[in-house]
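What you are looking at is a predicted structure, and each value in this text was computed from that prediction instead of being measured. Any value given below was found using the heavy atoms of this structure, including those in side chains, with hydrogens, waters and symmetry copies removed. Protein chains get the first letters and strands the later ones, always in sequence-line order, with residue 1 at the start of each.
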Protein chains: 2
Amino acid sequence: MILCDIGNTYVHFAQGYHLFSSSKENLKHLKLQDEIFYISVNAEGEKALLKTYPKAKNLAQYFSLETDYIGLGIDRQMACLAVSNGVVVDAGSAITIDMMKDSKHLGGCILPGLAQYIHAYKASASVLEQPFKALATLETLPNNTKDAVSYGIISSIIACIQNLAQNQKIYLCGGDAKFLSAFLPHSICNERLVFDGMQIALKKIGLL
Amino acid sequence: MILCDIGNTYVHFAQGYHLFSSSKENLKHLKLQDEIFYISVNAEGEKALLKTYPKAKNLAQYFSLETDYIGLGIDRQMACLAVSNGVVVDAGSAITIDMMKDSKHLGGCILPGLAQYIHAYKASASVLEQPFKALATLETLPNNTKDAVSYGIISSIIACIQNLAQNQKIYLCGGDAKFLSAFLPHSICNERLVFDGMQIALKKIGLL
(Lines give C-alpha, C1' and ligand atoms only; values in the text may rest on other atoms or scores of the structure.)
Protein backbone atom coordinates (compact mmCIF):
# COMPACT_ATOMS: atom_id res chain seq x y z
CA MET A 1 0.00 0.00 0.00
CA ILE A 2 1.16 3.51 -0.84
CA LEU A 3 0.02 6.62 1.03
CA CYS A 4 -0.02 9.89 -0.88
CA ASP A 5 -0.36 13.50 0.38
CA ILE A 6 -0.98 15.99 -2.43
CA GLY A 7 0.14 19.45 -1.31
CA ASN A 8 0.14 22.77 -3.12
CA THR A 9 3.75 22.47 -4.25
CA TYR A 10 4.72 18.79 -4.12
CA VAL A 11 3.14 15.34 -3.96
CA HIS A 12 4.47 13.30 -1.02
CA PHE A 13 4.44 9.51 -0.76
CA ALA A 14 5.01 6.88 1.94
CA GLN A 15 5.62 3.27 0.98
CA GLY A 16 6.41 1.40 4.18
CA TYR A 17 9.34 3.23 5.74
CA HIS A 18 10.27 4.83 2.43
CA LEU A 19 9.30 8.51 2.02
CA PHE A 20 9.60 10.26 -1.34
CA SER A 21 8.21 13.30 -3.14
CA SER A 22 7.44 14.27 -6.71
CA SER A 23 6.30 17.25 -8.71
CA LYS A 24 2.87 16.93 -10.33
CA GLU A 25 4.53 16.72 -13.73
CA ASN A 26 6.76 13.77 -12.77
CA LEU A 27 4.03 11.60 -11.24
CA LYS A 28 3.79 9.51 -14.42
CA HIS A 29 7.47 8.51 -14.19
CA LEU A 30 7.13 6.97 -10.71
CA LYS A 31 5.66 3.67 -12.01
CA LEU A 32 3.92 2.86 -8.72
CA GLN A 33 2.48 -0.67 -8.51
CA ASP A 34 0.74 -0.86 -5.11
CA GLU A 35 -2.72 0.31 -4.12
CA ILE A 36 -2.72 4.09 -3.50
CA PHE A 37 -4.70 5.97 -0.82
CA TYR A 38 -4.40 9.71 -1.07
CA ILE A 39 -5.47 13.02 0.43
CA SER A 40 -5.31 16.30 -1.49
CA VAL A 41 -5.49 20.04 -0.93
CA ASN A 42 -4.73 20.74 -4.59
CA ALA A 43 -7.25 19.93 -7.31
CA GLU A 44 -4.66 20.08 -10.09
CA GLY A 45 -2.35 17.65 -8.28
CA GLU A 46 -5.25 15.28 -7.64
CA LYS A 47 -6.15 15.35 -11.34
CA ALA A 48 -2.54 14.58 -12.27
CA LEU A 49 -2.40 11.64 -9.84
CA LEU A 50 -5.69 10.16 -11.06
CA LYS A 51 -4.63 10.50 -14.68
CA THR A 52 -1.67 8.16 -14.10
CA TYR A 53 -3.17 6.09 -11.28
CA PRO A 54 -6.94 6.03 -11.90
CA LYS A 55 -7.54 3.44 -9.15
CA ALA A 56 -6.06 5.66 -6.41
CA LYS A 57 -8.62 6.22 -3.63
CA ASN A 58 -9.31 9.54 -1.92
CA LEU A 59 -9.28 8.85 1.84
CA ALA A 60 -11.17 12.09 2.56
CA GLN A 61 -14.42 10.60 1.34
CA TYR A 62 -14.28 7.98 4.12
CA PHE A 63 -13.09 10.03 7.02
CA SER A 64 -13.01 13.36 8.83
CA LEU A 65 -11.65 14.57 12.15
CA GLU A 66 -13.86 15.45 15.13
CA THR A 67 -13.82 19.25 15.12
CA ASP A 68 -15.97 22.38 15.10
CA TYR A 69 -13.50 24.05 12.72
CA ILE A 70 -15.03 24.90 9.36
CA GLY A 71 -12.70 24.35 6.40
CA LEU A 72 -9.90 22.41 8.14
CA GLY A 73 -7.60 21.14 5.36
CA ILE A 74 -7.50 17.34 5.04
CA ASP A 75 -3.71 17.32 5.58
CA ARG A 76 -4.16 19.21 8.85
CA GLN A 77 -6.90 16.73 9.82
CA MET A 78 -4.60 13.77 9.21
CA ALA A 79 -1.65 15.26 11.11
CA CYS A 80 -3.98 16.01 14.03
CA LEU A 81 -5.41 12.50 13.92
CA ALA A 82 -1.92 11.21 14.75
CA VAL A 83 -1.78 13.23 17.99
CA SER A 84 -4.22 12.59 20.86
CA ASN A 85 -2.94 15.35 23.13
CA GLY A 86 -0.65 18.22 22.20
CA VAL A 87 0.11 20.87 19.63
CA VAL A 88 0.44 19.96 15.96
CA VAL A 89 2.57 22.25 13.78
CA ASP A 90 2.72 21.77 10.01
CA ALA A 91 5.40 24.13 8.71
CA GLY A 92 5.21 24.35 4.94
CA SER A 93 4.15 27.14 2.57
CA ALA A 94 1.86 28.11 5.46
CA ILE A 95 2.37 27.22 9.13
CA THR A 96 -0.66 25.71 10.80
CA ILE A 97 -0.79 25.31 14.58
CA ASP A 98 -3.55 23.04 15.93
CA MET A 99 -4.53 22.00 19.44
CA MET A 100 -5.59 18.43 20.22
CA LYS A 101 -7.08 17.26 23.51
CA ASP A 102 -8.37 13.72 24.11
CA SER A 103 -8.36 13.16 20.32
CA LYS A 104 -10.62 16.18 19.77
CA HIS A 105 -9.48 19.14 17.69
CA LEU A 106 -9.96 22.32 19.75
CA GLY A 107 -9.08 24.86 17.05
CA GLY A 108 -5.96 26.33 15.56
CA CYS A 109 -4.33 29.26 13.89
CA ILE A 110 -2.32 29.94 10.75
CA LEU A 111 0.89 31.85 10.05
CA PRO A 112 2.59 32.47 6.71
CA GLY A 113 5.34 30.01 5.74
CA LEU A 114 8.92 31.05 6.60
CA ALA A 115 9.69 31.84 2.95
CA GLN A 116 6.42 33.74 2.47
CA TYR A 117 7.05 36.45 5.11
CA ILE A 118 9.25 38.36 2.66
CA HIS A 119 6.13 39.47 0.75
CA ALA A 120 4.74 41.18 3.87
CA TYR A 121 8.04 42.91 4.64
CA LYS A 122 8.27 44.09 1.05
CA ALA A 123 4.86 45.73 1.47
CA SER A 124 6.03 47.36 4.75
CA ALA A 125 9.12 49.04 3.27
CA SER A 126 11.46 48.16 0.40
CA VAL A 127 14.49 48.14 2.72
CA LEU A 128 12.85 45.27 4.66
CA GLU A 129 12.76 42.97 1.63
CA GLN A 130 15.62 40.86 2.97
CA PRO A 131 16.47 37.22 2.14
CA PHE A 132 15.65 34.95 5.09
CA LYS A 133 18.67 34.12 7.24
CA ALA A 134 18.55 30.90 9.26
CA LEU A 135 19.72 32.36 12.59
CA ALA A 136 21.22 29.77 14.94
CA THR A 137 19.97 31.37 18.15
CA LEU A 138 17.49 33.90 19.49
CA GLU A 139 19.75 34.73 22.44
CA THR A 140 21.59 37.50 20.58
CA LEU A 141 19.54 40.63 19.81
CA PRO A 142 19.90 41.73 16.17
CA ASN A 143 22.05 44.74 15.32
CA ASN A 144 21.24 45.11 11.63
CA THR A 145 18.19 45.08 9.39
CA LYS A 146 18.72 41.63 7.83
CA ASP A 147 19.06 39.91 11.21
CA ALA A 148 16.21 42.02 12.66
CA VAL A 149 13.85 40.74 9.95
CA SER A 150 14.84 37.06 10.28
CA TYR A 151 14.79 37.32 14.07
CA GLY A 152 11.29 38.82 13.89
CA ILE A 153 10.03 35.95 11.72
CA ILE A 154 11.56 33.14 13.79
CA SER A 155 10.91 34.57 17.25
CA SER A 156 7.28 35.48 16.51
CA ILE A 157 6.55 31.98 15.14
CA ILE A 158 8.32 30.23 18.02
CA ALA A 159 6.73 32.46 20.69
CA CYS A 160 3.29 31.88 19.15
CA ILE A 161 3.74 28.08 19.23
CA GLN A 162 5.12 28.11 22.79
CA ASN A 163 2.34 30.38 24.00
CA LEU A 164 -0.31 28.03 22.66
CA ALA A 165 1.51 24.89 23.82
CA GLN A 166 2.30 25.96 27.41
CA ASN A 167 3.35 22.62 28.90
CA GLN A 168 1.91 20.37 26.21
CA LYS A 169 3.99 18.37 23.76
CA ILE A 170 4.71 19.93 20.38
CA TYR A 171 4.72 17.77 17.22
CA LEU A 172 6.13 19.22 14.01
CA CYS A 173 5.94 18.14 10.38
CA GLY A 174 6.43 19.87 7.02
CA GLY A 175 9.50 21.16 5.21
CA ASP A 176 10.56 23.67 7.92
CA ALA A 177 9.81 21.36 10.87
CA LYS A 178 13.44 20.50 11.54
CA PHE A 179 14.58 24.15 11.47
CA LEU A 180 11.82 25.32 13.84
CA SER A 181 12.13 22.37 16.24
CA ALA A 182 15.71 23.44 17.04
CA PHE A 183 14.17 26.47 18.81
CA LEU A 184 11.56 24.39 20.65
CA PRO A 185 13.12 22.26 23.41
CA HIS A 186 11.50 18.82 23.83
CA SER A 187 9.48 19.20 20.61
CA ILE A 188 9.06 16.13 18.41
CA CYS A 189 9.86 16.36 14.72
CA ASN A 190 7.97 13.69 12.75
CA GLU A 191 7.99 13.96 8.97
CA ARG A 192 5.57 11.02 8.82
CA LEU A 193 2.88 12.75 10.90
CA VAL A 194 0.35 13.15 8.06
CA PHE A 195 0.96 9.55 6.94
CA ASP A 196 0.63 8.29 10.54
CA GLY A 197 -2.77 9.98 10.62
CA MET A 198 -3.73 8.43 7.28
CA GLN A 199 -2.85 4.99 8.66
CA ILE A 200 -5.01 5.62 11.73
CA ALA A 201 -7.86 6.71 9.45
CA LEU A 202 -7.46 3.55 7.34
CA LYS A 203 -7.60 1.43 10.49
CA LYS A 204 -10.70 3.26 11.76
CA ILE A 205 -12.58 2.56 8.57
CA GLY A 206 -11.35 -1.05 8.46
CA LEU A 207 -9.16 -0.71 5.38
CA LEU A 208 -5.95 -1.59 7.25
CA MET B 1 8.34 75.30 18.00
CA ILE B 2 6.88 72.52 15.85
CA LEU B 3 8.20 68.95 15.82
CA CYS B 4 7.74 66.94 12.64
CA ASP B 5 8.14 63.17 12.00
CA ILE B 6 8.13 62.31 8.29
CA GLY B 7 7.08 58.68 7.85
CA ASN B 8 6.62 56.59 4.73
CA THR B 9 2.89 57.22 4.55
CA TYR B 10 2.13 60.37 6.56
CA VAL B 11 3.86 63.40 8.01
CA HIS B 12 3.17 63.79 11.73
CA PHE B 13 3.40 67.01 13.72
CA ALA B 14 3.45 68.05 17.38
CA GLN B 15 2.82 71.65 18.33
CA GLY B 16 2.74 71.77 22.12
CA TYR B 17 0.02 69.32 23.14
CA HIS B 18 -1.56 69.42 19.70
CA LEU B 19 -0.83 66.40 17.46
CA PHE B 20 -1.80 66.40 13.78
CA SER B 21 -0.90 64.62 10.56
CA SER B 22 -0.82 65.46 6.88
CA SER B 23 -0.19 63.79 3.57
CA LYS B 24 2.92 64.98 1.70
CA GLU B 25 0.68 66.68 -0.85
CA ASN B 26 -1.21 68.73 1.75
CA LEU B 27 1.83 70.07 3.60
CA LYS B 28 1.60 73.41 1.77
CA HIS B 29 -1.93 74.01 3.08
CA LEU B 30 -0.90 73.81 6.76
CA LYS B 31 0.46 77.38 6.90
CA LEU B 32 2.79 76.65 9.83
CA GLN B 33 4.40 79.76 11.39
CA ASP B 34 6.72 78.39 14.10
CA GLU B 35 10.27 77.04 13.81
CA ILE B 36 10.20 73.40 12.59
CA PHE B 37 12.53 70.60 13.69
CA TYR B 38 12.02 67.38 11.78
CA ILE B 39 13.21 63.81 11.34
CA SER B 40 12.55 61.79 8.18
CA VAL B 41 12.65 58.22 6.89
CA ASN B 42 11.23 59.29 3.54
CA ALA B 43 13.25 61.38 1.10
CA GLU B 44 10.20 62.43 -0.91
CA GLY B 45 8.37 63.62 2.21
CA GLU B 46 11.44 65.56 3.35
CA LYS B 47 11.65 67.25 -0.05
CA ALA B 48 7.98 68.20 0.16
CA LEU B 49 8.42 69.67 3.65
CA LEU B 50 11.50 71.69 2.68
CA LYS B 51 9.79 73.04 -0.42
CA THR B 52 7.10 74.69 1.69
CA TYR B 53 9.15 75.29 4.83
CA PRO B 54 12.76 75.79 3.66
CA LYS B 55 13.93 76.83 7.14
CA ALA B 56 12.88 73.51 8.75
CA LYS B 57 15.87 71.84 10.43
CA ASN B 58 16.71 68.14 10.26
CA LEU B 59 17.38 67.00 13.83
CA ALA B 60 19.23 63.88 12.61
CA GLN B 61 22.27 65.92 11.66
CA TYR B 62 22.72 66.96 15.31
CA PHE B 63 22.00 63.70 17.09
CA SER B 64 22.10 59.91 17.10
CA LEU B 65 21.28 57.23 19.68
CA GLU B 66 23.96 55.18 21.45
CA THR B 67 23.74 51.81 19.71
CA ASP B 68 25.72 49.14 17.83
CA TYR B 69 22.79 48.68 15.43
CA ILE B 70 23.66 49.57 11.85
CA GLY B 71 20.86 51.31 9.97
CA LEU B 72 18.50 52.08 12.85
CA GLY B 73 15.80 54.39 11.46
CA ILE B 74 15.83 57.90 12.96
CA ASP B 75 12.19 57.51 14.11
CA ARG B 76 13.13 54.33 15.99
CA GLN B 77 16.11 56.20 17.49
CA MET B 78 13.87 59.00 18.74
CA ALA B 79 11.24 56.66 20.22
CA CYS B 80 14.01 54.72 22.00
CA LEU B 81 15.56 57.94 23.30
CA ALA B 82 12.33 58.56 25.21
CA VAL B 83 12.66 55.25 27.11
CA SER B 84 15.60 54.59 29.48
CA ASN B 85 14.62 51.03 30.38
CA GLY B 86 12.09 48.80 28.64
CA VAL B 87 10.76 47.64 25.30
CA VAL B 88 9.83 50.15 22.60
CA VAL B 89 7.26 49.05 20.03
CA ASP B 90 6.47 51.23 17.01
CA ALA B 91 3.49 49.61 15.27
CA GLY B 92 2.99 51.19 11.86
CA SER B 93 3.50 49.88 8.33
CA ALA B 94 6.22 47.77 9.96
CA ILE B 95 6.40 46.82 13.64
CA THR B 96 9.76 47.53 15.27
CA ILE B 97 10.57 46.13 18.70
CA ASP B 98 13.61 47.61 20.44
CA MET B 99 15.25 46.95 23.80
CA MET B 100 16.57 49.79 25.95
CA LYS B 101 18.69 49.37 29.09
CA ASP B 102 20.21 52.26 31.03
CA SER B 103 19.55 54.53 28.02
CA LYS B 104 21.55 52.21 25.72
CA HIS B 105 19.93 50.51 22.73
CA LEU B 106 20.64 46.75 22.96
CA GLY B 107 19.17 45.72 19.60
CA GLY B 108 15.78 44.98 18.16
CA CYS B 109 13.73 43.09 15.64
CA ILE B 110 11.19 43.88 12.94
CA LEU B 111 7.82 42.37 12.03
CA PRO B 112 5.53 43.32 9.14
CA GLY B 113 2.76 45.81 9.94
CA LEU B 114 -0.66 44.33 10.83
CA ALA B 115 -2.08 45.30 7.44
CA GLN B 116 0.97 44.00 5.55
CA TYR B 117 0.69 40.35 6.68
CA ILE B 118 -1.98 39.70 4.06
CA HIS B 119 0.71 39.76 1.34
CA ALA B 120 2.54 36.86 2.99
CA TYR B 121 -0.65 34.81 3.45
CA LYS B 122 -1.56 35.44 -0.18
CA ALA B 123 1.79 33.94 -1.20
CA SER B 124 1.15 30.92 1.08
CA ALA B 125 -2.24 29.98 -0.42
CA SER B 126 -4.99 32.01 -2.08
CA VAL B 127 -7.57 30.80 0.48
CA LEU B 128 -5.48 32.50 3.21
CA GLU B 129 -5.82 35.96 1.63
CA GLN B 130 -8.30 37.05 4.30
CA PRO B 131 -9.13 40.62 5.43
CA PHE B 132 -7.71 41.28 8.90
CA LYS B 133 -10.26 40.89 11.68
CA ALA B 134 -9.65 42.79 14.90
CA LEU B 135 -10.27 39.90 17.31
CA ALA B 136 -11.23 41.02 20.83
CA THR B 137 -9.49 38.17 22.64
CA LEU B 138 -6.91 35.41 22.18
CA GLU B 139 -8.67 33.21 24.75
CA THR B 140 -10.91 31.55 22.16
CA LEU B 141 -9.18 29.26 19.67
CA PRO B 142 -10.22 29.96 16.07
CA ASN B 143 -12.61 27.60 14.31
CA ASN B 144 -12.50 29.02 10.80
CA THR B 145 -9.87 30.24 8.33
CA LYS B 146 -10.53 33.98 8.68
CA ASP B 147 -10.19 33.91 12.47
CA ALA B 148 -7.23 31.49 12.24
CA VAL B 149 -5.34 33.98 10.07
CA SER B 150 -6.09 37.05 12.24
CA TYR B 151 -5.37 35.05 15.41
CA GLY B 152 -2.03 33.96 13.93
CA ILE B 153 -1.05 37.56 13.17
CA ILE B 154 -2.06 39.01 16.55
CA SER B 155 -0.88 36.17 18.76
CA SER B 156 2.52 35.86 17.06
CA ILE B 157 3.16 39.63 17.37
CA ILE B 158 2.01 39.75 21.00
CA ALA B 159 3.93 36.61 21.99
CA CYS B 160 7.07 37.98 20.33
CA ILE B 161 6.81 41.29 22.23
CA GLN B 162 6.08 39.54 25.55
CA ASN B 163 8.91 37.10 25.05
CA LEU B 164 11.40 39.93 24.52
CA ALA B 165 9.95 42.06 27.30
CA GLN B 166 9.76 39.41 30.04
CA ASN B 167 9.13 41.63 33.09
CA GLN B 168 10.19 44.92 31.55
CA LYS B 169 7.80 47.76 30.74
CA ILE B 170 6.41 47.92 27.20
CA TYR B 171 5.95 51.30 25.47
CA LEU B 172 3.92 51.46 22.27
CA CYS B 173 3.52 54.10 19.60
CA GLY B 174 2.36 54.12 15.97
CA GLY B 175 -1.03 53.66 14.34
CA ASP B 176 -1.71 50.15 15.71
CA ALA B 177 -0.34 50.83 19.21
CA LYS B 178 -3.77 51.13 20.82
CA PHE B 179 -5.04 47.90 19.27
CA LEU B 180 -1.96 45.88 20.29
CA SER B 181 -1.72 47.35 23.80
CA ALA B 182 -5.14 45.87 24.63
CA PHE B 183 -3.45 42.44 24.48
CA LEU B 184 -0.46 43.54 26.59
CA PRO B 185 -1.41 44.08 30.23
CA HIS B 186 0.39 46.99 31.92
CA SER B 187 1.80 48.24 28.60
CA ILE B 188 1.97 51.98 28.04
CA CYS B 189 0.53 53.48 24.89
CA ASN B 190 2.14 56.84 24.09
CA GLU B 191 1.44 58.38 20.71
CA ARG B 192 3.92 61.14 21.50
CA LEU B 193 6.87 58.77 22.03
CA VAL B 194 8.82 59.86 18.92
CA PHE B 195 8.18 63.54 19.75
CA ASP B 196 9.20 62.99 23.38
CA GLY B 197 12.48 61.58 22.06
CA MET B 198 12.90 64.58 19.73
CA GLN B 199 12.44 66.93 22.67
CA ILE B 200 15.08 65.05 24.66
CA ALA B 201 17.44 65.26 21.67
CA LEU B 202 16.81 69.03 21.38
CA LYS B 203 17.59 69.46 25.08
CA LYS B 204 20.79 67.37 24.79
CA ILE B 205 22.09 69.55 22.00
CA GLY B 206 21.05 72.75 23.80
CA LEU B 207 18.33 73.81 21.38
CA LEU B 208 15.56 73.56 23.97
Practice problem: Please state whether the side chain, the backbone, both or neither of B:I153 comes within less than 4.5 Å of a heavy atom of chain A. | Solution: backbone

Quiz prompt | Crowding at NZ, B:K24 (>12 non-hydrogen neighbours, <6.0 Å) | solution = yes

Quiz item: Would one find more than 12 heavy atoms of other residues, nucleotides or ligands at under 6.0 Å from atom NZ of A:K28?
Solution: yes

Self-check item: Heavy-atom neighbours of B:Q162 CD exceed 12 at 6.0 Å
Solution: yes

Exercise. For atom NE2 of B:H186, decide whether the heavy atoms of other residues, nucleotides or ligands shown that lie under 6.0 angstrom number more than 12.
Key: no

Quiz prompt | chain A contact via B:L128 - side chain, backbone, both or neither, heavy atoms under 4.5 Å | solution = side chain

Exercise. Examine whether an atom of A:N163 lies under 4.5 Å from a heavy atom of chain B, and if so say whether it belongs to the side chain, the backbone or both; otherwise answer neither.
Key: side chain

Quiz prompt | A:L111 portion near chain B, given a 4.5 angstrom heavy-atom threshold | solution = both

Practice problem: Give the member of A:A94, A:G92, A:S155, A:S156 that has the highest number of heavy-atom pairs under 4.5 Å with chain B. | Solution: A:S156

Self-check item: Nearest-0.5 Å distance, CG of residue A:L164 to CG of residue B:L141
Solution: 6.5 Å

Quiz item: Above 12 or not: heavy atoms from other molecules or residues under 6.0 Å from NZ of B:K104?
Solution: yes

Exercise. Kindly give the heavy-atom pair with the smallest separation between B:Y117 and A:A120, and that separation in Å.
Key: CA-CB, 3.9 Å

Exercise. Answer yes or no: does atom CD of A:Q15 have more than 12 heavy-atom neighbours from other residues, nucleotides or ligands under 6.0 Å?
Key: yes

Self-check item: A:E44 atom CD, over 12 foreign heavy atoms within 6.0 Å
Solution: no

Quiz item: Just by distance, do the side chain of B:Y121 and the backbone of A:Q116 share a donor-acceptor pair under 3.5 Å?
Solution: no

Quiz item: Which residue out of B:G107, B:A148, B:G152, B:G73 racks up the most heavy-atom pairs below 4.5 Å with chain A?
Solution: B:A148

Self-check item: When A:I118, A:V149, A:T145 are compared by non-hydrogen pairs under 4.5 Å with chain B, the top option
Solution: A:T145

Quiz item: In Å and rounded to the nearest 0.5 Å, what is the CD1 to CG distance from A:I110 to B:D147?
Solution: 10.0 Å

Self-check item: Shortest non-hydrogen separation from A:A159 to B:C160 and the atoms involved
Solution: CB-N, 3.8 Å

Practice problem: Pick whichever of A:G71, A:A125, A:G108 has the most heavy-atom pairs under 4.5 Å with chain B. | Solution: A:G108

Quiz item: Between the side chain of A:S124 and the main-chain N/O of B:S93, is any donor-acceptor distance below 3.5 Å?
Solution: yes

Quiz prompt | Other residues, nucleotides, ligands: >12 heavy atoms within 6.0 Å of A:Y10 OH | solution = no

Quiz prompt | Value rounded to 0.5 Å, distance of OG1 in A:T67 from CG in B:N143 | solution = 5.5 Å

